[in-house]
Amino acid sequence: MTINFLKTFYYKNYSVFKETRTFLDAYIIYKYLNFEPNIKNYLEIGCFKGSILSLVVEGGNTQQNILIDPVMSRIKKTLPKDMFANTTLIENKSDNVNWNTFPKFDLINVDGTLIQPAPSNDMKNCLKIAHENSLILLNQWWREGMNKSRKILKTNGWTPWLKLDQCEWYSKKTLMPFINDLINTGEITNFARIYKGSEDDDCLWRISAPQALYDNVRLIENYIK
């Protein structure tokens, strides 16, 4: 059973996670996990302290989570042990992983090294284990090293549907039902702006929040039910 975002481990420990995962990114990801019941297999490259895994555990219905990171001490120190149920931690560089042993994944979070050619290799490997209904999160989209990853996705038919603070969402299926749900339920519009991408921005939609909320995140408690 999912819980209110304000009661999640992420939000209760926001001071631990805020430097690497803003509340806006976390909230939208959590909303999608609540919205989409068919996310059973989750893959993450570069888990750091485990902010997204905590959201997946509390907001989703995954049966298998696989995390790849050369340093797992940070996530083991941050998250409680019960959050690692159904989770395999692969403490290694992604280049050294046997990708042929993996199943297809419904949600893939790419947040590894930015030093090429590793990001491009990660993306190529991820596309091999994605399916037509998968959602791929490309993190640190503004970094120069992500241009090649973005090109690989587009060349292979993946659409940049949504841009957040730290990640771009790519999918072959339409994400309009989710975006419409965000707009129609109205909660997100109480504290953030959701709007179509401009001609200069290839993402179809963007979500942003005013700086005041980042300066005092507790303000969102007035808007989230």
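No experiment lies behind these values; they were computed from the predicted model shown.
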Within the structure provided, determine whether [X] and [Y] are in side-chain contact (heavy-atom separation under 4.5 Å).
X: Met72; Y: Leu67; answer: yes
X: Ile136; Y: Leu153; answer: yes
X: Tyr10; Y: Glu58; answer: no
X: Leu33; Y: Val56; answer: yes
X: Tyr195; Y: Trp205; answer: no
X: Trp169; Y: Tyr32; answer: yes
X: Ile152; Y: Leu127; answer: yes
X: Lys31; Y: Glu187; answer: yes

Interatomic spacing from [atom1] in [X] to [atom2] in [Y] - rounded to 0.5 Å:
X: Glu91; Y: Asp69; atom1: CD; atom2: CG; result: 8.0 Å
X: Leu204; Y: Leu175; atom1: CG; atom2: CG; result: 9.0 Å
X: Ile29; Y: Leu164; atom1: CD1; atom2: CG; result: 7.0 Å
X: Ile194; Y: Thr189; atom1: CD1; atom2: OG1; result: 9.0 Å
X: Lys93; Y: Ile45; atom1: NZ; atom2: CD1; result: 14.5 Å
X: Leu182; Y: Met176; atom1: CG; atom2: CE; result: 10.0 Å

Connected via hydrophobic side-chain network under 4.5 Å: [X] and [Y]:
X: Ile68; Y: Leu53; result: no
X: Ile188; Y: Ile224; result: yes
X: Tyr170; Y: Trp141; result: no
X: Ile28; Y: Tyr11; result: yes
X: Ile108; Y: Ile75; result: no

Give a yes or no on whether Gln211 atom CD has more than 12 heavy-atom contacts from other residues, nucleotides or ligands under 6.0 Å away.
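More than 12 within 6.0 Å, yes.
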Are more than 12 heavy atoms, taken from residues, nucleotides or ligands other than Lys18, located less than 6.0 Å from that residue's NZ atom?
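No.
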Stepwise ring-ring contact (aromatic ring centres under 6.0 Å, His included) check, Phe35 with Tyr30
CA-CA 9 Å; Phe35 179 83; Tyr30 193 71; over 10 Å; no
Taking atom types as modelled, is there a side-chain donor on [X] or [Y] under 3.5 Å from an acceptor on the other?
X: Asn98; Y: Thr101; answer: no
X: Asp122; Y: Ser94; answer: yes
X: Asp165; Y: Tyr214; answer: yes
X: Asn139; Y: Asn109; answer: yes
X: Tyr223; Y: Glu221; answer: no

Please state whether the rings of Tyr14 and Phe23 are parallel, tilted or perpendicular, taking 30° and 60° as the class boundaries.
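Perpendicular.
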Taking all non-hydrogen atoms of both residues, which atom of [X] and which atom of [Y] are closest, and how far apart?
X: Phe17; Y: Gly50; value: CE2-C, 4.2 Å
X: Met123; Y: Leu138; value: CE-CD1, 3.8 Å
X: Leu55; Y: Phe5; value: CD2-CE1, 4.3 Å
X: Ala209; Y: Leu24; value: N-CD2, 3.9 Å
X: Cys203; Y: Glu168; value: SG-OE2, 3.9 Å
X: Ser171; Y: Leu135; value: CB-CD1, 4.3 Å

Trace of the side chain to side chain contact (heavy atoms under 4.5 Å, CB included) decision for Lys151 with Lys148
CA-CA 5 Å; Lys151 184 176 181 180; Lys148 292 183 179 179; 5.6 Å; no
Side-chain ([X]) to main-chain ([Y]) donor-acceptor, under 3.5 angstrom:
X: Asp25; Y: Gln166; result: yes
X: Thr87; Y: Ala85; result: yes
X: Asp106; Y: Asn41; result: yes
X: Lys104; Y: Lys128; result: yes

Using salt bridge (charged side-chain N to carboxylate O under 4.0 Å, His left out), reason through Glu132 and Lys173 one step at a time and then give a plain yes or no.
CA-CA 7 Å; Glu132 292 299 307; Lys173 71 173 183 180; over 6 Å; no
Run Asn180 and Asn184 through side chain to side chain donor-acceptor pair (under 3.5 Å) and show every step you take.
CA-CA 6 Å; Asn180 285 332; Asn184 294 333; 5.2 Å; no
Leu79 and Lys49: side chain to side chain contact (heavy atoms under 4.5 Å, CB included), yes or no, with the steps?
CA-CA 8 Å; Leu79 300 188; Lys49 294 181 180 179; over 6 Å; no
NZ/NE/NH1/NH2 to OD/OE distance under 4.0 Å, Asp111 and Arg21
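Yes, charged N to carboxylate O under 4.0 Å.
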Does the pair Thr62 and Ile39 meet the rule for a side chain to side chain contact (heavy atoms under 4.5 Å, CB included), with working shown?
CA-CA 6 Å; Thr62 57; Ile39 298 177; 4.0 Å; yes
Under the side chain to side chain contact (heavy atoms under 4.5 Å, CB included) criterion, do Val71 and Phe48 qualify, and how do the steps go?
CA-CA 8 Å; Val71 181; Phe48 196 50; over 6 Å; no
